[in-house]
Each structure stands twice: as structure tokens, then as C-alpha cells.
Amino acid sequence: MAKLIDGWEVVIGLEIHTQLQTKTKIFSGSSTEFGQDPNTQASLVDLAMPGVLPVLNQAVVDLAVRFGLGIDAYIDQASVFARKNYFYPDSPKGYQISQMDNPIVGLGHVDIQLEDGSVKRIGVTRAHLEEDAGKSIHGAVAGMTGIDLNRACTPLLEIVSEPDMRSVEEAVAYVKTIHTLVRWLGISDGNMAEGSFRCDCNVSLRRPGNEFGTRCELKNINSFRFIEQAINVEIERQMDILENGGSIKQETRLFDPVKMETRSMRSKEEANDYRYFPDPDLLPVIITDEQIERIRAELPELPVARRARFVSEHQLSEYDSHVLTLSREMADFYEAVVVAAGGAKQAKLAANWVMGEFSAALNKASLELQNSPVSAEQLGGMVARIVDNTISGKIAKQVFGFMWDEGKTADEIIAEKGLKQETDTGAIEAIIKEVLAANEKMVEEFKAGKEKAFNGLVGQVMKASKGKANPAQVNELMKKLIS
């Protein structure tokens, strides 16, 4: 049952624009490389100058099909491009080449996992190919707006959801799921800061059981945090209007994260306002069965399947499996650690280290996984030394710190720093006897039933051994000697 806010049900649908990871644009040979000087990557084709014709980039079609297969969607094997007519300064053509009646990807779905562990299926209405517009640059020249057309004609896949989300939490979970998927499939780098992945949020309110309310579109939001904030702000705005007897006007709005408000940009256009018609310069896109099967065969194991495998084969919890599959890179890294640690029997210990000390070190150093100074093989090798009792879990933290700083293997660090765990029973017994003799009061307290006293004695032994005594042996021998 949907959660209500002061008696109102929130209805959310999302349109995600993801830039496809191709070297050249959708209809021209211009480079898509980010960060180049303004207007150095816009060809005559991108600007639709007289006498030029667009030519469809085959790689763009393959990537769209790849996404469709990834969400178990219908693939339209005869899709068409249309001209979507509108006039903005950053669109010199006066139209955008997009898809209307026959999108390349039809009905599909994704499953999102919420914070309480529950899973909800969100429908995907369509995913269609289109070209991006240029970019307006404000403030570069005082009192003027500049136009950079480098981004014009960059290939986009617009992923349109059903209005199936009923909370901000569900909306953010859906965006994160799609973000993970497009990167996992290798169709987009998903770089939100560079505009490679951005979202339009359609938000409306209704009383439970009523028809959908009038929606407003929040345009071009490029961070998970801003998506959450923008939807919350818009919910409050619409609720205030409705509860005071007003009505919602269908419009496109912009979110201002500084003022924490949404403001009107323009009235929301309907499809007929864009005067769509088939692009006369582009033939229908025909996709063969062989092409679809070739792309299907190239698909990696999808996040949902890998999560299920981690649960069944590695005996991980749903939560651990979810965290380890937030990116394909992390999932691959974890599996390499498991192999180096000795196989599936060490999967849980490997997961703890990947999600714990290793991820914390990455975050602290602000490093991406691929730039880690500790490889999966090195981390797995260290976990193997915990398993065979060469080092304890506590010593392992020291070893990991040295590995991170020096780039050496666990075996090299253990040998150089003298960090091998003490497992000789006679040596440990000698330390315990010294500790017991020096702490007779704590011994009596333990015999009287105070468990904390025993823990204190163990701590003294570990301190005396400089952390090298095997903790399990210390506990066993301590109890034996006291009794």
C-alpha cells in the first residue's frame, strides 16, 4: 500500500536521458569527447546546413538494443526517426531528431530494492534514440549568453518510466538502478557532473483512488541528492496549492538547489505542440533477429542475476549482495578477491573486507576503484593469510594499511614487519601465566562470575604479545589455566 503524505498520494514518473558511449555522434563523424574548446566539435551535419545529410551511427543502435535486452523489453525491429520541432538558442536546426511513434525499445521493466529490503517492479514505457542539443553558457561574457554546440547531435537514449513510483525513496532507487545498469552494460559512463546522465521528474498528487492529478515536470536534474530534494520541494509546493483550494498548472519547472525551490520555466508542451513528422532524410531502422541474438550473446551477467548468485553460491545476505553489485567493477573486484582468498568458502570474509576496510580507504582517499593501490589479488592474498592463521583479523588491519601505503603483498609486509601471528602454545601459555600472576584480583573477579574481568585479562595478554597472539588460542588456554 502506498505511503500517504497528509492524505495525499504521490505519483512519480521519470524520464532519464543517458548519453551513449560512442566515439562519434549519432548522425555524423564528429567527436563526442568531453571538455574540448567550445564549438570545435560541431560539424555541418550537426547543424543541418544545406546540402548535408545525416547518416545513422550503427553503434548507437546496438547500444540501444543492448539496453532493451537488459530490461527484458520489446525491441521494435522497424523503428523510425522523426523531427521534433522547437526553437531554442542551443538548437540551431530548429528541430531535434528523435523518435515518437516507433521507439526502438518498447515495454520493459526494472526491479528496485528499497531500504527495508523489499523489491518493487517499475515499468519502463519506452526508450528511444535522439540527438542532444547544444548548451547555453551564462556568465562567460558579462551580460551575454554564449552557445556551445559541441554537445549538439551527441547520441542520447531517453528512458521513460511508467508513473509507478509512489515515494521519493522509490524514485531515487529507480534512478540509481538505471544508472547502475547503463554503466554495467557499458552503454554510458553515467557521468552526472558532465551531463552524461540526467533526469526529468514528473510529479503529481492525488487523493487515494482518484484519477492522476496534473503533473509538473522538473527539468534536467543531474545528481541523486538534487532529485530527492527537488521532488520533496515540488510535493510541498503542490500540496500547499491544493490544500488552499488552488489547482496545479501543467508546466515545466526548474529546481534551484540554493533557494530550495522550483520555479516555472514554461508551460508543458504536448506531443502535438512539437509537430512531429518522419524525418525525410533518414530511412527506417531495421533490426534483424541475428543482430539481436548477437547482442544478447554479448551481454554480461546482469546485476539481478549476479546478486542472486552471490546469495546462493557465496551465502551472502541480500544486503551484502546488493552493495557488492552497485557497480560491475565492484562485483568483478569482489569475485577476484574471493578467488585469491581461496574460493567460495572465504566469500563472506572477503565481502566484509571489500565493503569495510577497502571501501573506507577508497572513500578516504577519494579514489575510484580502478585507481586503488591494492589489487583484488593482493587483498585476496591477505584474506588467505587470515584464514590460515598467519595473521589475526586485528593484525590484518595493520597489514592492509602497509599494503595501501607501500603497494606490496601481504606476505611481503608480514615478513618485513614481523607481523606473523604467534600460534606456539608454549609461548602463549608463558605470557598468560605472567598476566595471571600480575592480575590476581581480576582472576578472582572472573571466578566470581564477572565476564568483563576475563575480557580484561585477554586484553592484557594481547597487549603483552603486541597483538600477535592468536585470540582463539588465548581464550582457550586462559580458561584452561584459570580453572
Side-chain angles (χ1 to χ4, degrees), residues 14-26 28 30-42 46 57 59-60 62-64 66-67 70-71 90 110 112 124 127-138 140 148-161 171-201 218-230 254-255 257 300 302-303 323 325-333 359 362-363 365-372:
L14 300 176
E15 300 168 15
I16 293 172
H17 298 78
T18 187
Q19 180 177 317
L20 297 177
Q21 201 164 339
T22 57
K23 293 182 179 180
T24 57
K25 296 185 178 181
I26 186 170
S28 79
S30 301
S31 172
T32 58
E33 187 176 355
F34 181 80
Q36 302 306 299
D37 290 338
N39 300 307
T40 59
Q41 297 183 169
D46 303 329
N57 185 340
V60 170
D62 285 356
L63 294 180
R66 191 176 178 88
F67 176 79
I71 62 167
D90 54 11
V110 296
I112 62 172
V124 175
H128 59 265
L129 287 169
E130 63 185 21
E131 60 181 348
D132 207 347
K135 184 177 182 181
S136 296
I137 309 294
H138 306 290
D148 180 7
L149 297 175
N150 280 352
R151 199 171 67 183
C153 212
T154 295
L156 293 179
L157 187 67
E158 180 173 347
I159 305 159
V160 182
S161 82
V172 173
Y174 170 81
V175 176
K176 288 183 176 180
T177 300
I178 294 292
H179 186 258
T180 294
L181 184 60
V182 298
R183 294 176 65 242
W184 192 286
L185 292 171
I187 70 171
S188 175
D189 63 18
N191 192 319
M192 300 178 87
E194 295 179 0
S196 298
F197 189 93
R198 52 193 193 269
C199 183
D200 300 340
C201 308
L218 308 176
K219 196 72 175 173
N220 281 340
I221 307 175
N222 65 350
S223 85
F224 301 128
R225 182 166 60 91
F226 287 169
I227 289 169
E228 180 179 5
Q229 292 174 343
L254 293 176
F255 172 60
L302 296 175
V323 171
T325 54
L326 288 176
S327 75
R328 184 175 169 188
E329 293 81 7
M330 181 60 81
D332 289 345
F333 183 91
S359 292
L362 283 178
N363 291 335
S366 298
L367 289 176
E368 295 295 329
L369 180 61
Q370 60 268 26
N371 298 322
S372 167

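Just so we're clear, the structure is a prediction, and the values are computed from it rather than from any experiment.
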For the side chain of Arg66 and the backbone of Leu185, is there at least one donor-acceptor N/O pair under 3.5 Å apart?
yes
Distance (rounded to the nearest 0.5 Å) between Thr32 OG1 and Gln41 CD:
7.5 Å
Leu181 versus Pro303: any side-chain heavy-atom pair under 4.5 Å?
yes
To the closest 0.5 Å, what do you measure between CG (Asn222) and CG (Asn191)?
9.5 Å
State which residues pass side chain to side chain donor-acceptor pair (under 3.5 Å) with Asn57; sequence neighbours excluded, sorted by chain then number.
Thr24
Output all residues satisfying side-chain contact (heavy atoms from CB on, under 4.5 Å) with Glu131, sequence neighbours left out; order by chain, then residue number.
Ile26, Phe27, Lys93, Gln96, Ile97, Cys153
Would you say the side-chain atoms of Gln21 pair up with the backbone N or O of Asp189, donor to acceptor, closer than 3.5 Å?
yes
Among Val182, Thr22, Leu129, which residue meets the side chain to side chain contact (heavy atoms under 4.5 Å, CB included) test with Leu63?
Thr22
How close do Ser30 and Ala42 get, counting heavy atoms only, and between which atoms?
OG-C, 4.5 Å
Verify, without hydrogens or angle tests, whether Glu15 (side chain) and Asp200 (backbone) share a donor-acceptor contact under 3.5 angstrom.
no
Close side-chain approach of Ser31 and Gln36, heavy atoms under 4.5 Å
no
Residue list, side chain to side chain donor-acceptor pair (under 3.5 Å) with His17, at least two apart or on another chain
Glu158
Residues in side chain to side chain donor-acceptor pair (under 3.5 Å) contact with Ser188, at least two apart in sequence or another chain
Thr18
Partner residues of Phe226 under the ring pair (Phe, Tyr, Trp, His ring centres under 6.0 Å) criterion, sequence neighbours left out
none
Drop me the distance from Cys199's SG to His179's NE2, to the nearest 0.5 angstrom.
11.5 Å
Looking at every non-hydrogen atom in both residues, tell me the closest pair between Leu14 and Ala171 and how far apart they are.
CD1-O, 3.7 Å
For the SG atom of Cys201 and the CD atom of Glu228, what is their distance to the nearest 0.5 Å?
11.5 Å
Minimal heavy-atom distance between Ala230 and Leu218, with the atoms involved, is O-CD1, 3.6 Å
Please enumerate all residues that pass salt bridge (charged side-chain N to carboxylate O under 4.0 Å, His left out) together with Asp332, with sequence neighbours excluded.
Arg306
Who are the side-chain contact (heavy atoms from CB on, under 4.5 Å) partners of Ile137, not counting sequence neighbours?
Lys135, Ala140, Asp148
Side chain to side chain donor-acceptor pair (under 3.5 Å) partners of Ser161, counting only residues at least two apart:
none
Are the side chains of Phe67 and Leu20 in touch, meaning some heavy atoms are under 4.5 Å apart?
no
The salt bridge (charged side-chain N to carboxylate O under 4.0 Å, His left out) partners of Arg198 (sequence neighbours excluded) come to Asp132
Criterion side-chain contact (heavy atoms from CB on, under 4.5 Å) on Glu194 and Gln19, from CA distance to verdict:
CA-CA 10 Å; Glu194 295 179 0; Gln19 180 177 317; over 6 Å; no
Is the number of heavy atoms from other residues, nucleotides or ligands within 6.0 Å of CD (Gln370) greater than 12?
yes
Would a 4.5 Å heavy-atom cut-off, applied to side chains only, mark Leu326 and Lys176 as touching?
no
What residues form a side-chain contact (heavy atoms from CB on, under 4.5 Å) with Ser327, not counting sequence neighbours?
Arg183, Glu329, Met330
Using ring pair (Phe, Tyr, Trp, His ring centres under 6.0 Å) as the criterion, list what pairs up with Phe255, not counting sequence neighbours.
none
Can you list everything that forms a ring pair (Phe, Tyr, Trp, His ring centres under 6.0 Å) with Phe34? Sequence neighbours excluded, please.
none
Rounded to the nearest 0.5 Å, what separates atom CD1 in Ile227 from atom CZ in Phe224?
6.5 Å
Working to the nearest 0.5 angstrom, can you tell me the gap between Asn150 CG and Asp46 CG?
9.5 Å
Donor-acceptor contact present, side-chain Thr154 to main-chain Arg151, <3.5 Å
yes
